[in-house]
S.K.: 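Dropping the structure in here first, questions after.
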Amino acid sequence: MARKFFVGGNFKMNGTKESINSIVKGLNEAQLDSNVEVVIAPPALYLQLARDELTKAGVEVAAQNVYDKPNGAYTGEISVSQLKDLGVPWAILGHSERRTLLQETDEVVASKTKFAVDGGVAVIWCCGESLGEREAGRTVEVVERQLAALAAKLAAADWSKIVVAYEPIWAIGTGKVATVQQAQEVHEAIRKWLRANVGDGVADDTRILYGGSVNGKNCKDLAKEKDIDGFLVGGASLKPEFVDIINSNL
Ligand SMILES: O=C(COP(=O)(O)O)NO
């Protein structure tokens, strides 16, 4: 099955009602490649606004986190069932900023991912290594460790609700994008791991996104790589060039 190109916009803890309205309006009016699946992830406080204002076919909204328990006494957490109630079909989980700043472990991320998928919310699952791990030649080892923790929780059918995002921590927010070769090498290793440990169908069908200083200029060369199926974009998703990244295959 051909993998549909996928571009996610991770707004992180940025934006106001006005700025998010403006981004959504811009997407509603933009000429977007119809062969691309687009998901934007505003801060949780603005999910309803984005959901209600978004009219563009092929563009959905995502939360930036969920909790892995049913509704209840979990102050401050984000509920899967309430995302469904709001009509939010996606969540970004395991972002390196939550793994490092909030100490989310491989197991916590895997548990949240399984809980979200079981609750009907599809997941952009993030992985990636630190600069120290890359310099020590441990990139693939780290990503495989993260994948193994995820696979241990998932049933085979769950993978159809998962998009993998490889985001080298040293490229996030730094302007230092991975080279095409660096990115393709890790994407190829991820797909190889999926083939060996989950199966051919999941390996062939799972979109693997690259994230880390993607912009309107570097996206085209990255998009040409056989195992790069799209992007998870941070800073540039807040700018008009996000449309260029969505259209990077045109
Ligand atoms: O964290 C990122 C990437 O951020 P930047 O594009 O700003 O490097 N995506 O989730």
Side-chain angles (χ1 to χ4, degrees), residues 5-15 19-20 23 27 36-44 46-47 50 59-66 78 88 90-104 106 109 112-113 116 121-131 133-134 139 142-143 146-147 150 162-180 182-183 186-187 190 206-223 225 228-248:
F5 206 71
F6 188 107
V7 175
N10 178 6
F11 294 5
K12 305 189 182 184
M13 193 172 76
N14 295 302
S19 70
I20 288 168
I23 291 170
L27 288 172
V36 179
E37 189 170 0
V38 181
V39 171
I40 56 170
Y46 300 118
L47 277 168
V59 183
E60 276 296 352
V61 291
Q64 296 177 20
N65 180 38
V66 299
I78 294 175
V88 175
W90 286 92
I92 298 173
L93 294 176
H95 192 281
S96 61
E97 288 150 7
R98 297 193 61 85
R99 290 175 186 261
T100 52
L101 302 175
L102 298 164
Q103 280 85 52
E104 286 195 351
D106 296 347
V109 174
K112 287 186 169 190
T113 302
V121 170
V123 173
I124 300 170
W125 175 85
C126 302
C127 61
E129 82 289 0
S130 67
L131 182 60
E133 289 163 339
R134 173 164 283 272
T139 296
V142 168
V143 168
Q146 295 171 323
L147 278 166
L150 175 66
I162 304 285
V163 171
V164 171
Y166 165 61
E167 298 198 304
I169 298 170
W170 48 271
I172 294 175
T174 62
K176 190 179 165 198
V177 66
T179 66
V180 169
Q182 285 174 325
V186 181
H187 283 232
I190 291 170
T206 298
R207 272 81 62 87
I208 305 173
L209 315 180
Y210 169 77
S213 295
V214 173
N215 61 38
K217 292 187 179 59
N218 59 38
C219 62
K220 286 193 174 300
D221 286 341
L222 285 162
E225 292 304 300
I228 297 180
D229 305 310
F231 302 111
L232 184 54
V233 184
S237 67
L238 300 167
K239 301 172 187 169
E241 73 184 292
F242 186 49
V243 170
D244 298 330
I245 297 168
I246 293 168
N247 293 334
S248 48

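Because only heavy atoms are used, hydrogens play no part in the values below, and waters and symmetry mates are left out as well, while side chains stay in. All ligand and atom numbering here is 1-based and tracks the order in the structure. Computed from a predicted structure; not experimentally measured.
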S.K.: Decide whether an N or O pair under 3.5 Å exists between Gly173 and ligand 1.
M.R.: yes
S.K.: Before signing off on this row, confirm whether Asn10 and ligand 1 have an N or O atom pair separated by under 3.5 Å.
M.R.: yes
S.K.: Show me which atoms of ligand 1 lie under 4.0 Å from any heavy atom of His95.
M.R.: 1 (O), 2 (C), 9 (N), 10 (O)
S.K.: What do you reckon, is NZ of Lys217 surrounded by more than 12 foreign heavy atoms closer than 6.0 Å?
M.R.: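 Counting neighbours around NZ of Lys217, 12 or fewer heavy atoms of other residues, nucleotides or ligands fall under 6.0 Å, so no.
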S.K.: State which residues pass ring pair (Phe, Tyr, Trp, His ring centres under 6.0 Å) with Trp170; sequence neighbours excluded, sorted by chain then number.
M.R.: none
S.K.: Does a donor on one side chain and an acceptor on the other come within less than 3.5 Å for Gln64 and His95?
M.R.: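 No, because no side-chain N or O of Gln64 sits under 3.5 Å from a partner of the opposite role on His95.
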S.K.: Grab the two heavy atoms, one from Cys127 and one from Ile190, that are nearest each other, plus how far apart they are.
M.R.: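 The answer is SG-CD1, 4.1 Å.
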S.K.: Closer than 4.0 Å to some heavy atom of Gly212 - which atoms of ligand 1 meet that?
M.R.: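 Atoms satisfying the 4.0 Å criterion: 3 (C), 8 (O).
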S.K.: Assess, by modelled atom type and distance only, whether the side chains of Lys112 and Asn65 contain a donor and an acceptor separated by less than 3.5 Å.
M.R.: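 Yes, because at least one side-chain N or O of Lys112 sits under 3.5 Å from a partner of the opposite role on Asn65.
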S.K.: Quick one: which ligand 1 atoms are inside 4.0 Å of a heavy atom on Ala171?
M.R.: 8 (O)
S.K.: Among Ser213, Ala165, Ala236, whose heavy atom sits nearest atom 5 (P) of ligand 1?
M.R.: Ser213
S.K.: For atom 9 (N) of ligand 1, grab the closest protein heavy atom and report residue, atom and distance to one decimal in Å.
M.R.: Glu167 OE2, 2.5 Å
S.K.: Can you list everything that forms a salt bridge (charged side-chain N to carboxylate O under 4.0 Å, His left out) with Glu37? Sequence neighbours excluded, please.
M.R.: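 With sequence neighbours excluded, Glu37 shows a salt bridge (charged side-chain N to carboxylate O under 4.0 Å, His left out) to Arg207, given in chain and number order.
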S.K.: Take His187 and Glu225 through the side-chain contact (heavy atoms from CB on, under 4.5 Å) test and state the conclusion after the steps.
M.R.: CA-CA 9 Å; His187 283 232; Glu225 292 304 300; over 6 Å; no
S.K.: Considering only protein heavy atoms, which is closest to atom 6 (O) of ligand 1, and at what distance to one decimal place?
M.R.: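 Scanning the protein heavy atoms, the shortest distance from atom 6 (O) of ligand 1 goes to Gly234 N, 2.9 Å.
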S.K.: May I ask you to identify the nearest protein heavy atom to atom 7 (O) of ligand 1, giving residue, atom name and distance to one decimal place in Å?
M.R.: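 Ranking protein heavy atoms by distance from atom 7 (O) of ligand 1, first comes Gly235 N, 2.8 Å.
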